[in-house]
Chemist: 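Structure in structure tokens, see below.
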Amino acid sequence: MIDGVEVGVGAVVEALLARVRAARAALAAAREAEDPYAVAVAQDELDDAVRFARRHGLDVEATEPDEG
């Protein structure tokens with residue numbers, strides 16, 4: 001731990017989930033804009049965010065529940 005810095009588990013979990021939500025939103029926006037490069041970048045970010053969250057024990061899906 002860094003002196004004077006204390007982060008609760010809840011804050012870390014929320015930050016990881018927020019990253020996944022933001023990545024999903026960016027991917028949806030890129031798809032809506034029909035921008036292939038932005039879609040690729042956003043998909044990579046989502047994949048990374050989901051992988052990182054899972055590595056830390058969070059149950060997240062790479063796709064939205066209604067995307068299949």
Chemist: I would like to know whether E14 and R21 meet salt bridge (charged side-chain N to carboxylate O under 4.0 Å, His left out); could you show each step before the answer?
Modeler: CA-CA 10 Å; E14 186 52 42; R21 285 191 298 270; 2.4 Å; yes
Chemist: CG/L27 to CZ/R31 distance, rounded to the nearest 0.5 angstrom?
Modeler: 4.0 Å
Chemist: With respect to R19, which candidate in V50, D48, L46 satisfies the side-chain contact (heavy atoms from CB on, under 4.5 Å) definition?
Modeler: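 The single option meeting the side-chain contact (heavy atoms from CB on, under 4.5 Å) with R19 is D48.
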Chemist: Linking I/L/V/M/F/W/Y whenever their side-chain heavy atoms sit closer than 4.5 Å, directly or via other members, would V39 and V41 fall into one cluster?
Modeler: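 No.
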Chemist: Any donor and acceptor pair, going by atom type alone, linking the side chain of R54 with main-chain N or O of D59 inside 3.5 Å?
Modeler: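 Not confirmed, R54 side chain does not pair with D59 backbone.
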